[in-house]
2 protein chains.
Amino acid sequence: MKTLRILAIDDHEMTMLGYKFILERIVFEDYNIIVDTANTYEAGRERIEESAQSFAYDIIFLDVQLFPPNENQPHSGEDLGILARQLVPNSKIIFMSSFSDNYRINSILRSVDPDGYMVKTDIDPKSLEEAVKTVIFEPPYYSSKALSAIRKKMANDITLDENDKKILYHLSIGTKTKDIENHIQLSSSSIENRKRHLKSLFGKEKENDLALILAAKNRGFI
Amino acid sequence: MKTLRILAIDDHEMTMLGYKFILERIVFEDYNIIVDTANTYEAGRERIEESAQSFAYDIIFLDVQLFPPNENQPHSGEDLGILARQLVPNSKIIFMSSFSDNYRINSILRSVDPDGYMVKTDIDPKSLEEAVKTVIFEPPYYSSKALSAIRKKMANDITLDENDKKILYHLSIGTKTKDIENHIQLSSSSIENRKRHLKSLFGKEKENDLALILAAKNRGFI
DNA sequence: GGAAAACCATAAAAAAACTAGGGTTTTCGT
DNA sequence: ACGAAAACCCTAGTTTTTTTATGGTTTTCC
């Protein structure tokens, strides 16, 4: 009987117990599934570092939003994913996130390239089981809502550089245009130009920022 | 008892019969599944045009490679897909292709944005059934090998414009560099520059074209 | 061995992006 | 409804990036 080791990291204790319960009941060939858990960034990091020294987890489930207990600086699950990739490159990584936020999904798919990505509303015992099996045998596994985000992106002929994406992102979270220059290495003039350019790219010439944001959302950029 | 109408277009008569046989046996809620078939571009086009006038097919399965019988000019399944999208926008489209050719997949995902994409070696009764159900309820459905191609693309931080992609494509099919200028609106000098630039992007400075092509293949561009 | 193709380097020309500056319009708080 | 802040628009000069032509060197291949 072989053992399949899973680490689940989520800051909600109860949901994590739910995962543990479901995952350990999966019947999977001659595997015995064991789930370890962690519910803070720090605890998760420790587990991963430990595992790098001894056995490596087969799969790491990782919540996108993780807030460490006694700190202000919020470490994201994304950071932990990047770290895990370095420390334990052989472990499969599956991200879980509450919403199908395209900007975040796109960003994580590029920075971590996880073996799976599940939007939480897609998660149930059946999909969890499928995710585990798929990720082991023929990754990747993307849940339904993650797939529609990915589809939007792939169906796109517009290519934006990093600055364009950042501008869109900041606009979408309500950053004032004049404050964007604090986050991006560009003059205010350039940012205005780029906004105009973006609007024309998305066919929203002479329209307001809201129209631009909606169009960019529809195309899967934010 | 409702009816689910499917049109399958593939130039291999026998494989198409296989699809018909499998698809019509699918047990799917209270649907009765009926499969029409066509095995040339022309026949497929006619079926689609007819259906635009009366009922619309719920799903159209479409082979990527279609050669019409009495013509030299080969129409691709991609063209037919684009046509179908215009004529019967409500029909779900599922592409089937023999190999996981990234350039082709990327191109079709952009031009047609099909509701499904299956690489033929992934196709079996089970996956066909899953494709049908997924496409009806929560598209898209991408088969395993299609997903790994998509994953490569999404994990990429390199963005290429249309000319770069064309250059890579032509190199990959063996077009001589000096002949590429016939296909792209650029001077030979620019093409050389772009090739150099591409090689440096993919970390293959001073290496030959083969190295570039392999790197681009690995990243899912061709 | 020799021609064709690929590669490299340079410099000039063209296109695109950035910036500063100033003005007009819209938005928003009070 | 007012005034200030922000957003928007436009111009012109600068910088950066791309394109192009040209001429030479190396590699490939019959």
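Small disclaimer: the values here were computed from a predicted structure and weren't measured.
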Need to verify one output field. Residue with the more 5' nearest nucleotide on DNA chain D, B:Gln185 or A:Ser189?
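That would be A:Ser189.
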Within less than 4.0 Å of OP1 or OP2 of D:dT20, is there a side-chain N or O belonging to B:Ser190?
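Yes, within the criterion.
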Does D:dT20 have OP1 or OP2 sitting under 4.0 Å from an N or O in the side chain of B:Ser187?
yes
Electrostatic pair B:Asp63-B:Lys120, nearest N-O below 4.0 angstrom
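The answer is yes: the pair qualifies as a salt bridge.
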Does this structure show an ion pair linking A:Glu162 with A:Arg110, if we count only N-O contacts that are shorter than 4.0 Å?
yes
Do A:Leu66 and A:Asp79 come within less than 4.5 Å of each other through their side chains, counting heavy atoms only?
no
Return yes if a side-chain donor-acceptor contact under 3.5 Å exists between B:Glu181 and B:Ser187, otherwise no.
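Looking only at side-chain atoms, B:Ser187 and B:Glu181 do not form any donor-acceptor pair under 3.5 Å.
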Residue pair B:Thr177 / B:Lys195, side-chain donor-acceptor N/O under 3.5 Å
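A donor-acceptor contact under 3.5 Å links the two side chains.
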Among A:Leu109, A:Val112, A:Asp115, which one satisfies side-chain contact (heavy atoms from CB on, under 4.5 Å) with A:Phe95?
A:Val112
Any residue in residues 191-212 of chain B with a heavy atom nearer than 4.0 angstrom to DNA chain D? Just list them by number, or reply none.
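Nucleic-acid contacts, sorted: B:Asn193, B:Arg194.
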If the condition is side-chain contact (heavy atoms from CB on, under 4.5 Å), which residues does A:Ser97 pass it with, not counting sequence neighbours?
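A:Val64, A:Tyr117.
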Residue-level proximity of residues 161-182 of chain A to DNA chain C when a heavy atom falls under 4.0 Å:
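Close to the strand, none.
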Quick one: does A:Thr15's side chain have a donor or acceptor within less than 3.5 Å of a partner on A:His12's backbone?
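A pair under 3.5 Å: yes.
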